[in-house]
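Just so you know, residue 1 is the first one in the sequence shown, and it goes up from there.
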Amino acid sequence: MRKSEIFCNRTKIITQPKNGISKPIESIGNQLNQGDVCKSGIWIYMIRNSDEYQSSIVKFEIDNVEDKEVIFSDETQKSQISVLGDWIYFIAEAYGADKPAEMDLYRIRTDGSGKMKLADTVFSYVLCEDEIYYDSAATFAMSLDGTGKRKVLREGNYLLALDAEWLYYEKLQGEELIGPYRIRLDGSGTEMLLDSRIDSSAFLAQGDSVYFSVTEESSEGIPSSTSIVKKTMDGTETLLTKMSVSGYYDVTSLNKEGKWLYYSFRGKLYRFDASGSDAKELIYSDPNMVSVLLYGEDLLISNQKQIVYIGKDGNVVKCFFGT
């Protein structure tokens, strides 16, 4: 592909995907919540980090959680698992006695064969139908087999998420990350979505709307409330829900499916109708909740010790990692 630079308010899309579009296999909400579990077809894939130097990738059917199949195990810590077709993608972090940790992107077949390293020093990635976007000081893209690497954004811009036409990122300004921003994959425009630094765990973009959390403080500088706000691209902001707090509590795991907006707050997972009602429904309670993934009306929740699957019928299935 011929390289071309497109200047968009000081941010450059250096190379473009074919037709300016690249379709991720996961929603933006799932990308931002990416962690140690994912779902593909009838299978649940998860990472089991048994100790500091050993971890495994296992799979099972949700109707048969006791019959787990160990696909691969080695002396690395693994994270950010995704599955496309017959391939599992993940980041592996290797520790050495005389060197810093190395976080590299790998893929391996679902039968445990064909393991290969795709890229060195990868902090996050987004798996698409025909390529991979990843953050490694700068933002790069490559084919699914690791070939054809190309730089997409220069150093100092950090990948958050991707949809078919937009790339979401934060920008390093001095020692602080600001944003998030979004820029079209064909380079035809860039927008700053929020004018303050927002942790990506409390940020969600969907279509022309952005959802984020805001904490208000008392005159003594102590947090007094946390709100979830919807902002549209014309600048209109709508308060969706507000919670009183008496300490430092963050909204995390923002995700959305249809009209339902999900969020975690103080160890409890809630959902409410984001189209107009702030009546909250408690879905699940777990003080160690790490990520919340949505697959249609099904939920996958992980907390480093167990996987919780909640089907559209409301039935809860727990799968413990074990030791």
Got Y309 and D298 here, is their nearest side-chain heavy-atom distance under 4.5 Å?
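In contact.
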
Min side-chain heavy-atom separation V308-L300 under 4.5 Å:
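No; the side chains remain at least 4.5 Å from each other.
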
Stepwise salt bridge (charged side-chain N to carboxylate O under 4.0 Å, His left out) check, K115 with D74:
CA-CA 12 Å; K115 179 191 173 189; D74 70 356; 3.4 Å; yes

Using a 3.5 Å distance criterion without hydrogens, assess whether the side chain of [X] forms a donor-acceptor pair with backbone atoms of [Y].
{"X": "S302", "Y": "V290", "result": "no"}
{"X": "R107", "Y": "V83", "result": "no"}
{"X": "K242", "Y": "I228", "result": "no"}
{"X": "N33", "Y": "N255", "result": "no"}
{"X": "D286", "Y": "K268", "result": "no"}

Just do the side-chain hydrogen bond (donor to acceptor under 3.5 Å, both in side chains) check on S82 and Q34 with the steps written out, would you?
CA-CA 8 Å; S82 298; Q34 188 180 37; 2.7 Å; yes

Distance under 6.0 Å and angle within 45° of the ring axis: does K256 meet both against Y262?
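Checked: cation-pi criterion not met.
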
Within 45 degrees of the axis of the six-membered ring of Y45 and under 6.0 Å from its centre: does K39 put its NZ or CZ there?
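No, K39 does not sit over the ring of Y45.
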
Please assess Q31 against Y133 for the test side-chain hydrogen bond (donor to acceptor under 3.5 Å, both in side chains), listing each intermediate value before the final yes or no.
CA-CA 12 Å; Q31 293 171 36; Y133 284 74; over 6 Å; no

Just wondering, are more than 12 heavy atoms of other shown residues or ligands nearer than 6.0 Å to [atom1] in [X]?
{"X": "K117", "atom1": "NZ", "answer": "yes"}
{"X": "D145", "atom1": "CG", "answer": "yes"}
{"X": "E281", "atom1": "CD", "answer": "yes"}

D208/R182 salt bridge by N-O under 4.0 Å criterion
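Salt bridge between R182 and D208, a charged N being under 4.0 Å from a carboxylate O: yes.
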
Give the C-alpha distance, both sets of side-chain angles, the deciding distance and a yes or no for side chain to side chain contact (heavy atoms under 4.5 Å, CB included) between I91 and Y125.
CA-CA 9 Å; I91 290 177; Y125 72 96; 4.0 Å; yes

Are F212 and F203 an aromatic pair by the rule of ring centers under 6.0 Å?
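For F212 and F203, the ring centres are not under 6.0 Å apart.
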
If I compare all heavy atoms of F265 with all of V251, which pair ends up nearest, and what's the gap?
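Taking every non-hydrogen atom into account, CD1-CG2, 3.9 Å.
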
One pair to check against side-chain hydrogen bond (donor to acceptor under 3.5 Å, both in side chains): S55 and K78. What are the steps and the verdict?
CA-CA 7 Å; S55 69; K78 301 173 185 63; 2.7 Å; yes

